[in-house]
Chemist: 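My structure is below; once you've seen it, I'll send some questions.
Labels below follow one simple rule: chain letters A, B, ... track the order of the sequence lines, proteins then strands, and each chain is numbered from 1.
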Amino acid sequence: KQEVTQIPAALSVPEGENLVLNCSFTDSAIYNLQWFRQDPGKGLTSLLLIQSSQREQTSGRLNASLDKSSGRSTLYIAASQPGDSATYLCAVMANDYKLSFGAGTTVTVRA
Amino acid sequence: GAVVSQHPSWVICKSGTSVKIECRSLDFQATTMFWYRQFPKQSLMLMATSNEGSKATYEQGVEKDKFLINHASLTLSTLTVTSAHPEDSSFYICSASKTATEAFFGQGTRLTVV
C-alpha cells in the first residue's frame with residue numbers, strides 16, 4: 001500500500017522567504033505526482049502535475065521536482081506572500097489511477 | 001475548463017436521516033469520479049471509485065450500504081450518507097477525471113450530523 005509522508009507538518013515564515021515543502025512516497029511505481037493547495041474548509045486546487053517520466057515542473061513562483069527512484073518530491077515557492085498561506089497536499093497517482101495523499105503541510109506566511 | 005461542482009457546500013442533518021451530495025463535472029464528461037473523506041487536520045482518504053453506468057468500487061473498510069454512490073450520467077455522481085450518525089460528520093470531496101491522469105476536485109461538502 002502506498003504511503004505518502006509530508007514534512008514538515010507546519011511551517012511559518014516571514015513574507016519574502018522561499019518555501020521548501022517535502023513529500024516522500026514508499027512505492028516508486030507511480031503514474032504521476034500532483035501538488036494541491038487547500039484553503040480552510042475548501043476543496044483542492046491543483047498547482048502542479050509531474051508525470052512519472054519528468055523531473056520537474058514550473059509555474060510562476062512554483063517549482064516542483066520529482067525523484068521517482070528515491071520516492072521524493074519537493075515543492076519550492078519563491079518569494080512567499082501572505083496569500084500563499086494554505087495547506088499544501090502532495091498526492092501520487094498509481095497505475096490504477098487512484099490518488100494517495102499526504103497529510104499536508106500547513107504554511108503561514110507572516111506579513 | 002475542467003470545473004467540478006459539488007453541492008451542497010455544507011449541510012447539517014439530524015441523526016438517523018439521509019443526506020445526498022452531488023458532484024458534477026460542468027464542462028467535461030467524466031467516466032470516473034472519486035469520493036474522498038477528510039477528517040480535521042488529516043489527509044484525504046479515498047472512499048470509493050464511481051464509474052458511469054456501473055456499480056461503485058469501495059475501498060476496504062467503507063460500508064457500501066451506508067455510503068450509497070450513484071453515477072447515472074457522465075457528468076453527475078451522487079453520494080448518499082444513509083442513516084447518518086455524528087461519527088459520519090466530516091468533509092467529503094469528490095473528484096472527476098477528464099483524462100485518466102489528472103483529477104479535478106469539487107469544493108467539498110462539510111457534513112455535520114447532530
Chemist: Does anything in residues 63-72 of chain A reach chain B? List residues with heavy atoms under 4.5 Å apart, or say none.
Modeler: none
Chemist: Is the CZ atom of Arg55(A) crowded by more than 12 outside heavy atoms at less than 6.0 Å?
Modeler: no
Chemist: Can you say whether Glu59(B) sits under 4.5 Å from chain A via the side chain, the backbone, both, or neither, judging by heavy atoms?
Modeler: side chain
Chemist: Could you pull out the closest heavy-atom pair between Lys98(A) and Phe34(B), with the gap in Å?
Modeler: CG-CE2, 4.4 Å
Chemist: Taking Gln42(B), Met45(B), Gln107(B) one by one, which has the highest count of heavy-atom pairs under 4.5 Å against chain A?
Modeler: Gln107(B)
Chemist: Would a single hydrophobic cluster contain both Tyr58(B) and Trp35(B), if residues Ile, Leu, Val, Met, Phe, Trp and Tyr are joined by side-chain heavy-atom contacts under 4.5 Å?
Modeler: yes
Chemist: I'd like to know if Trp35(A) and Val109(A) are part of one continuous hydrophobic network [Ile/Leu/Val/Met/Phe/Trp/Tyr, side-chain heavy atoms within less than 4.5 Å].
Modeler: yes
Chemist: Do Leu44(B) and Phe36(A) touch side chain to side chain, with heavy atoms closer than 4.5 Å?
Modeler: no
Chemist: With a 4.5 angstrom heavy-atom cut-off, could you sort out which part of Gln6(A) is near chain B: side chain, backbone, both or neither?
Modeler: neither
Chemist: Taking all heavy atoms of Leu99(A) and all of Tyr36(B), pick out the closest pair and write down the distance.
Modeler: CB-OH, 3.5 Å
Chemist: Could you pull out the closest heavy-atom pair between Gly102(A) and Ser43(B), with the gap in Å?
Modeler: O-OG, 2.5 Å
Chemist: Given a strict heavy-atom distance threshold of 4.5 Å, which part of Leu89(A) is in contact with chain B: side chain, backbone, both, or neither?
Modeler: side chain
Chemist: Take a 6.0 Å sphere around NE2 of His85(B) and say whether it holds more than 12 heavy atoms from other residues, nucleotides or ligands.
Modeler: yes
Chemist: Should Leu62(A) and Ile50(A) be regarded as members of a common hydrophobic cluster, given that ILVMFWY residues are connected when their side-chain heavy atoms come within less than 4.5 Å of each other, either directly or indirectly?
Modeler: yes
Chemist: Within a reach of under 6.0 Å around NZ of Lys66(B), are more than 12 heavy atoms found that belong to other residues, nucleotides or ligands?
Modeler: yes
Chemist: Non-hydrogen atoms of chain A under 4.5 Å away: do they reach the side chain of Gln6(B), the backbone, both or neither?
Modeler: neither
Chemist: Side chain, backbone, both or neither: which part of Thr109(B) has a heavy atom under 4.5 Å from chain A?
Modeler: neither
Chemist: Same cluster for Phe25(A) and Leu75(A) if Ile/Leu/Val/Met/Phe/Trp/Tyr side chains link at under 4.5 Å?
Modeler: yes
Chemist: Taking Met33(B) as the starting point, is it possible to reach Phe105(B) by hopping between hydrophobic residues whose side chains are less than 4.5 Å apart?
Modeler: no
